[in-house]
Amino acid sequence: MNELHSLLRQLPKIDRVLESLDGNVRDQYPDFIIKTSIRETIEKIRYQILENTLNKLPANLEEWNFLFLEAINKKYTPNLQRVINGTGVVIHTNLGRSLLGTNAISSLQTAGASFTNLEFDLNTGLRGSRYSLVEEIICDLTGAESAIVVNNNAAAVLLALNTLSLNKEVIVSRGQLVEIGGSFRIPDVMESSGAKMVEVGATNRTHLFDYENVICDETSLLLKVHTSNFRVIGFTSDVSAVDLVALGNEHNIPVMEDLGSGSLIDFSPWGLPKEPTVLEIVKAGVDVVTFSGDKLLGGPQAGIIVGKKDIIGRIKRNPMNRALRIDKFTLASLESVLREYYDLEKALKSVPTLSMLTMDSKTLKKKGGNILRQLKETTTIEGHIQLQPTTSKVGGGAMPEHGIESWALVLDPGSDGASNLEKWFRKLPVPLILRIENDAMIIDLRTILEDDIADLLCILKKFLQRGIEN
Ligand SMILES: *Cc1c(COP(=O)(O)O)cnc(C)c1O
């Protein structure tokens with residue numbers, strides 16, 4: 001007990017600490033940040049003393065000041081920071097999904113720094129609709145009659161279901177009641193939308209007659225969901241959009257498809273699996289199609305809803321729409337990215353998601369070779385870093401079992417161990433996020449940007465000369 005008191009008595013007083021702080025520190029950081037960081041640091045140690053979890057009390061004011069400075073710095077540094085994506089997962093949800101190219105970034109600049117005609121019709125001088133900025137382009141690219149964009153695809157699904165099926169039945173296959181991750185579950189979203197879910201078929205097989213058998217006066221919608229990051233393989237069958245549309249037409253019931261990633265182009269010429277494009281689904285006669293803006297499309301976070309004019313009109317009039325509204329930055333960059341698609345050749349270069357997905361492995365091998373050559377100019381790399389083939393992933397729930405041929409820098413962790421080093425790379429001023437496979441550390445070159453290379457070289461030099469302290 002006495003020992004506890006003596007420890008608590010050794011906690012410094014905030015005023016004393018403030019007096020002892022270097023004048024530079026007081027000039028450099030806001031007062032609020034300095035005081036709060038000092039108080040929080042002392043409180044944390046007080047708690048550790050009381051909980052008996054303290055390792056060692058700082059021995060002198062110098063040691064204390066080290067802790068305070070660390071806390072001040074941490075509070076002062078922006079939480080969102082740039083990282084280098086060495087995982088080879090192109091659409092990495094945890095690392096921010098799709099990146100924007102220079103044109104899209106410049107449109108963000110305009111939307112942020114200038115007044116714009118966001119909701120102002122320059123022809124009439126009257127109030128305009130923000131959706132009109134992108135509707136025509138989306139229709140051009142998808143062949144749809146009408147379109148609207150909302151905050152993300154989850155919102156798109158919610159809004160469409162709420163508009164078409166509030167308190168009414170929606171028929172969906174049991175094989176498509178998936179959880180996408182990040183708490184998006186089809187059954188839960190349906191419930192939140194107010195729709196009544198009617199499940200049909202079995203997990204692996206659903207037939208057209210399964211839908212037909214449960215159609216009744218209460219049926220408002222036939223729903224098809226892309227299973228994204230989940231695959232049923234083996235003895236399976238599901239109903240095509242074309243067949244579902246024929247059934248819907250027969251009973252005068254609309255058909256909706258949540259495409260999830262929803263690509264505007266067919267990636268199979270670049271060796272990726274054939275997925276139905278939005279254009280093909282619209283052509284099949286599906287009445288409403290929803291998809292993400294920041295997955296295979298390569299734009300900002302958004303949910304795009306395309307379809308028949310009357311249905312999209314009803315969706316536009318739903319008051320819930322206001323709460324799920326897309327903001328001006330998203331609209332600005334989305335328009336810019338969509339415009340790139342008018343010239344596909346150019347889009348493959350200017351939309352980072354598209355260029356990363358379609359980059360051939362020879363180019364990546366060359367990129368790796370260049371990095372190693374530059375490293376060799378100043379250090380020896382033998383036995384520590386090698387250029388080896390690997391496979392990248394699309395990510396974002398798209399084409400889950402497909403690996404794309406790629407090349408990687410493979411680091412030998414030596415006696416430090418891969419998991420210690422993985423942490424060390426994460427804590428660098430520019431964190432490097434990489435993959436561990438069989439105790440080797442893989443930096444997949446597919447997701448290394450041109451602008452990352454200078455930093456990557458510094459990091460690799462540090463790695464080669466390291467002495468890690470944890
Ligand atoms: C990713 C996905 C969603 C959610 O889209 P967000 O844009 O992340 O909200 C919904 N449905 C499917 C099938 C998906 O793959």
Side-chain angles (χ1 to χ4, degrees), residues 89-100 134 138 147-162 164-165 170 172-193 195 197 206 221-232 238 241 244 255-264 267 272-273 275-278 280-281 286 288-307 315 320-321 323-327 329-331 333-334 337-338 353 357 393-402:
V89 180
V90 175
I91 308 169
H92 197 304
T93 297
N94 301 145
L95 303 184
R97 287 199 186 157
S98 287
L99 309 181
L100 299 176
V134 289
I138 296 173
I148 178 175
V149 281
V150 289
N151 183 55
N152 57 12
N153 187 38
V157 174
L158 181 76
L159 180 65
L161 288 173
N162 179 267
L164 302 174
S165 304
V170 176
V172 59
S173 159
R174 286 199 172 88
Q176 297 170 1
L177 295 178
V178 290
E179 174 180 303
I180 308 296
S183 79
F184 180 92
R185 282 180 169 179
I186 290 294
D188 297 348
V189 173
M190 290 188 86
E191 193 180 328
S192 310
S193 75
M197 180 170 73
T206 302
L221 191 68
L222 308 179
L223 175 66
K224 195 166 154 64
V225 181
H226 193 294
T227 52
S228 290
N229 49 9
F230 170 77
R231 280 288 177 279
V232 190
D238 67 358
L244 215 52
V255 175
M256 166 169 159
E257 179 153 0
D258 173 20
L259 268 184
S261 205
S263 176
L264 294 182
F267 283 97
L272 292 158
E275 287 267 338
T277 62
V278 180
E280 286 164 348
I281 298 298
V286 173
V288 207
V289 185
T290 61
F291 56 101
S292 274
D294 57 352
K295 292 186 181 170
L296 284 175
L297 182 80
Q301 179 191 304
I304 303 177
I305 313 177
V306 301
I315 292 174
M320 191 187 258
N321 187 6
L324 307 173
R325 179 164 97 165
I326 186 170
D327 76 289
F329 296 108
T330 310
L331 262 174
S333 50
L334 182 63
V337 174
L338 289 168
T353 299
L357 285 175
K393 287 280 183 192
V394 177
M399 309 171 180
E401 66 300 50
H402 183 75

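As the structure lists them, so they are numbered: ligands from 1, and atoms in each ligand from 1. These numbers come from a predicted model, not from an experiment. In this chain, numbering begins with 1 at the start of the sequence shown. Basis for what follows: all heavy atoms, side chains included, without hydrogens, waters or symmetry-related copies.
Using a 4.0 Å cutoff on heavy atoms, Arg97 counts as a contact of ligand 1. Look at Ile180 and you'll find a heavy atom under 4.0 Å from some atom of ligand 1.
Residues Gly396 and Lys295 come closest through the heavy atom pair O-CD, 3.3 Å.
Ligand 1 places these atoms under 4.0 Å from at least one heavy atom of Ser228: 12 (C), 13 (C), 14 (C), 15 (O). Which parts of ligand 1 touch His226 is read off a 4.0 Å heavy-atom cut-off, strictly below it: atoms 13 (C). Less than 4.0 angstrom separates some heavy atom of Phe184 from each of these atoms of ligand 1: 10 (C), 11 (N).
Of the protein's non-hydrogen atoms, Ser292 OG, 2.5 Å is the one closest to atom 7 (O) of ligand 1. In terms of protein heavy atoms, atom 11 (N) of ligand 1 is closest to Asp258 OD2, 2.6 Å. For atom 5 (O) of ligand 1, the closest heavy atom belonging to the protein is Asn153 CB, 3.1 Å.
For ligand 1, the polar-atom distance check finds an N/O of Lys295 within less than 3.5 Å of one of the ligand's N/O atoms. Checking only distances, Ala154 does come within under 3.5 Å of ligand 1, N or O to N or O.
Counting only heavy atoms from C-beta outward, the side chains of Ile315 and Asn321 never approach each other to under 4.5 Å. With a 4.5 Å cut-off on side-chain heavy atoms, Ile305 and Thr290 count as touching. Side-chain contact between Arg325 and Asn151 is absent, with no heavy-atom pair separated by less than 4.5 Å. Two residues are said to be in side-chain contact when any heavy atoms from C-beta on lie closer than 4.5 Å; Val170 and Met256 fail this criterion.
Judged purely by distance below 3.5 Å, without hydrogens or angles, the side chains of Gln176 and His226 never pair a donor atom with an acceptor atom.
In Gln176, neither the side chain nor the backbone holds a heavy atom less than 4.0 Å from any atom of ligand 1.
Remark: the backbone N or O of Ala155 is paired with a side-chain donor or acceptor of Asn152 at under 3.5 angstrom. Between the side chain of Thr330 and the main chain of Pro300, no donor-acceptor pair closer than 3.5 Å is present.
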